[in-house]
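Numbering of ligands and ligand atoms starts at 1, following listing order. Just so you know, these numbers use all the heavy atoms, side chains as well, and skip hydrogens, waters and symmetry mates.
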Amino acid sequence: MDSIKPDFDIGIIGGGPGGASLAAYLAKAGVSCVVFEREIFPRPHVGESLVPSSTRVFNDLGFIEQMEEAKFPHKLGAVWTAKEQGRPYRYAYKDGLNPDSFADVRFEERPQEGVQMPYTYHVDRGKFDLMLLQHANKLGASVYEGVKVSGVDFSPEQPAVHFSMGRKEMSVNVRMVADASGRNTMLGNQLKLKQMDPVFNQYAIHTWFAGFNRHALATSDEQGDYIYIHFLPTSNSWIWQIPITDDITSIGVVTQKKNFTGSKEDREKFFWDAVDTRPKLAEALRAAQRVKNFKEEGDYSYSMKQICGDRFMLVGDAGRFVDPIFSTGVSIALNSSRFAQRDILGALERNDFSRASFNEFETTIGRGTKNWYDFINVYYRLNVLFTYFITDSRYRLDVLKLLQGDVYDDAAPPVLDKMKQMVSDVERDPRHPWHKLLVDLTANEFVPVG
Ligand SMILES: Cc1cc2nc3c(=O)[nH]c(=O)nc-3n(C[C@H](O)[C@H](O)[C@H](O)COP(=O)(O)OP(=O)(O)OC[C@H]3O[C@@H](n4cnc5c(N)ncnc54)[C@H](O)[C@@H]3O)c2cc1C
């Protein structure tokens, strides 16, 4: 036992999905924990489309009923579109289907253990994050909003979490700290663990529209509530289309940061120029009303040298951020709490908060984020490969498994190895019909497998 009784067992920095779900898990297990959140909720946040593996966490936390009552749009699947006018993106490949300018999946095509519904949700993050934080509070977690943590002192036996309240500097002692401060990466910065991604340097500009016709590029009625990824002709650039309510749709343009250099006005012009490369989409968007200011996000891909250590863990975006192309961030934050709480409960039982106690968490999250990273890497390197795999019945369900967020159980999912192998083949063969489609955004050349 510690020689002094701490103020709380666990201190959690940040009340987004990572921090709130961890607090809810711990409070449910009877652990004393406190969340420090610098904002007063609700506050807006990017990251509005979930993947189905989030449902396991909602089930564990008894949160499904609230998700249903909130009437968040049900996300039944996803659609990818490419140029819809003129010559479609069509590339014949020797033994496969012709990837077309359109691909779609329904989540119910692949049953998922522990996920009882054929859909997940799109959420207004202001509302969703508030609900989850309040849920943690109801389960017994202490929640302080409007309280910004300035640092953690690890020198005493029990870490001291420092924060200010008004002009008053204060601190509480805890047995361990979980940093869930998102891309602010509070502890990662303090402990100098953060490494910016050497390759992915993406930039996003996004807003909400009312009255946008979400069926503008759909092929069925149901697809109005799918997430859409609209490829743009510029390399590594795409647009998201995410339903927020019956009437509101979130639209964001993602591209390489080097494509943006101008002033704020230039950037808004960039948004519209990007949209204009997809005429049907542009027509539908221009007929709608923008109901929010544009918001920008940049420099967002990084990893940490380690995601846990003696008396600390990094959860969700505070531990790593991988490009959002597959809508994975909230699911990773929720599931990292799911894995983190198991190790934390074990550490509390043994009163051992050394890094070794969090080994399972570190290994599992390392595996999951590596799989996401590899998947995103092949995707950006050769877009057409993704549509090829998703439209080929031999690989479809294995790709869908990744898209559903089931990335934690295989160290190396066979379908990813196959994708990497094909990228290597295309890279080595200048006469391959896809060779000219390779783009340079990739962390390293893929090592051929097998
Ligand atoms: C362009 C873009 C698009 C995205 N699209 C998607 C998507 O479609 N789907 C998806 O799942 N994810 C998406 N994401 C990712 C998603 O936004 C994050 O992965 C998710 O919000 C992570 O949750 P979190 O709890 O780890 O961090 P956050 O949600 O960022 O929460 C962190 C909280 O910590 C608080 N905080 C920060 N510093 C301090 C401090 N010092 N003291 C106290 N509190 C602090 C913040 O105020 C914040 O509330 C996208 C991200 C980007 C950049």
Side-chain angles (χ1 to χ4, degrees), residues 11-23 34-54 57 75 78 120-123 125-126 128-130 132-133 136 143-152 161-164 177-190 200 202-207 227-229 238-244 250-255 257 295-302 307 314-337 340 365 369 372 403 405:
I12 300 169
I13 306 166
S21 57
L22 181 60
V34 58
V35 180
F36 301 101
E37 168 53 55
R38 68 178 172 186
E39 307 280 344
I40 306 282
F41 279 18
R43 51 96 180 91
H45 203 294
V46 70
E48 297 151 325
S49 192
L50 308 190
V51 296
S53 60
S54 311
V57 176
K75 175 181 173 184
T120 176
Y121 306 91
H122 305 285
V123 295
R125 285 288 304 274
F128 169 74
D129 289 18
L130 172 66
L132 196 55
L133 193 56
V143 174
Y144 296 115
E145 287 177 71
V147 171
K148 182 176 175 188
V149 173
S150 53
V152 179
V161 181
H162 292 272
F163 54 92
S164 42
V177 177
D179 181 15
S181 63
R183 285 182 286 132
N184 194 34
T185 59
M186 212 241 71
L187 263 191
N189 291 343
Q190 178 188 315
F200 286 102
Q202 300 291 87
Y203 171 92
I205 179 163
H206 56 104
T207 183
I227 186 173
Y228 280 69
I229 303 296
W238 48 279
I239 293 180
W240 78 67
Q241 171 185 324
I242 298 175
I244 301 295
S250 170
I251 303 284
V253 175
V254 176
T255 191
K257 197 174 172 199
K295 176 132 194 328
E296 299 169 37
E297 324 276 338
D299 293 329
Y300 46 64
S301 293
Y302 53 80
I307 56 163
L314 312 178
V315 170
D317 281 7
R320 178 156 199 187
F321 191 82
V322 189
D323 187 274
I325 181 75
F326 296 122
S327 313
T328 46
V330 172
S331 154
I332 292 175
L334 296 171
N335 281 290
S336 60
S337 295
I365 294 301
T369 46
W372 278 129
L403 294 170

Novice: Who gets closest to atom 13 (C) of ligand 1 by heavy atom: Ala204, Gly47, Gly14?
Specialist: Gly47
Novice: Is there a side-chain contact between Arg320 and Ile307, using heavy atoms and a 4.5 Å cut-off?
Specialist: no
Novice: Can you say whether the rings of Tyr144 and Phe36 are parallel (under 30°), tilted (30 to 60°) or perpendicular (over 60°)?
Specialist: parallel
Novice: Measuring from Trp372:CH2 to Ile365:CD1, what's the distance to the nearest 0.5 Å?
Specialist: 12.0 Å
Novice: For ligand 1, which atoms, with element, lie under 4.0 Å from some heavy atom of Gly329?
Specialist: 10 (C), 11 (O), 12 (N), 15 (C), 19 (O)
Novice: Using modelled atom types only, decide if a donor and an acceptor are shared between the side chain of Asn335 and the backbone of Val57 within a distance under 3.5 Å.
Specialist: no
Novice: Could you tell me, atom by atom, which parts of ligand 1 come under 4.0 Å of a heavy atom of Gly182?
Specialist: 27 (O), 30 (O), 32 (C)
Novice: Among His45, Lys148, Arg183, Glu297, whose heavy atom sits nearest atom 30 (O) of ligand 1?
Specialist: His45
Novice: Hey, looking at atom 23 (O) of ligand 1, which of Gly16, Ser21, Pro17 has the closest heavy atom?
Specialist: Pro17
Novice: State whether the shortest distance between N or O atoms of Asp317 and N or O atoms of ligand 1 falls below 3.5 angstrom.
Specialist: yes
Novice: Using a strict 4.0 Å cut-off to heavy atoms of Phe41, name the atoms of ligand 1 that fall inside it.
Specialist: 49 (O)
Novice: Give the residue and atom name of whichever protein heavy atom lies nearest to atom 9 (N) of ligand 1, and the separation in Å to one decimal.
Specialist: Ser49 O, 2.7 Å
Novice: Who's the nearest protein heavy-atom neighbour of atom 40 (C) of ligand 1, and how far?
Specialist: Val149 N, 3.8 Å
Novice: Between Phe163 and ligand 1, which part of the residue brings a heavy atom under 4.0 Å of the ligand: side chain, backbone, both or neither?
Specialist: neither
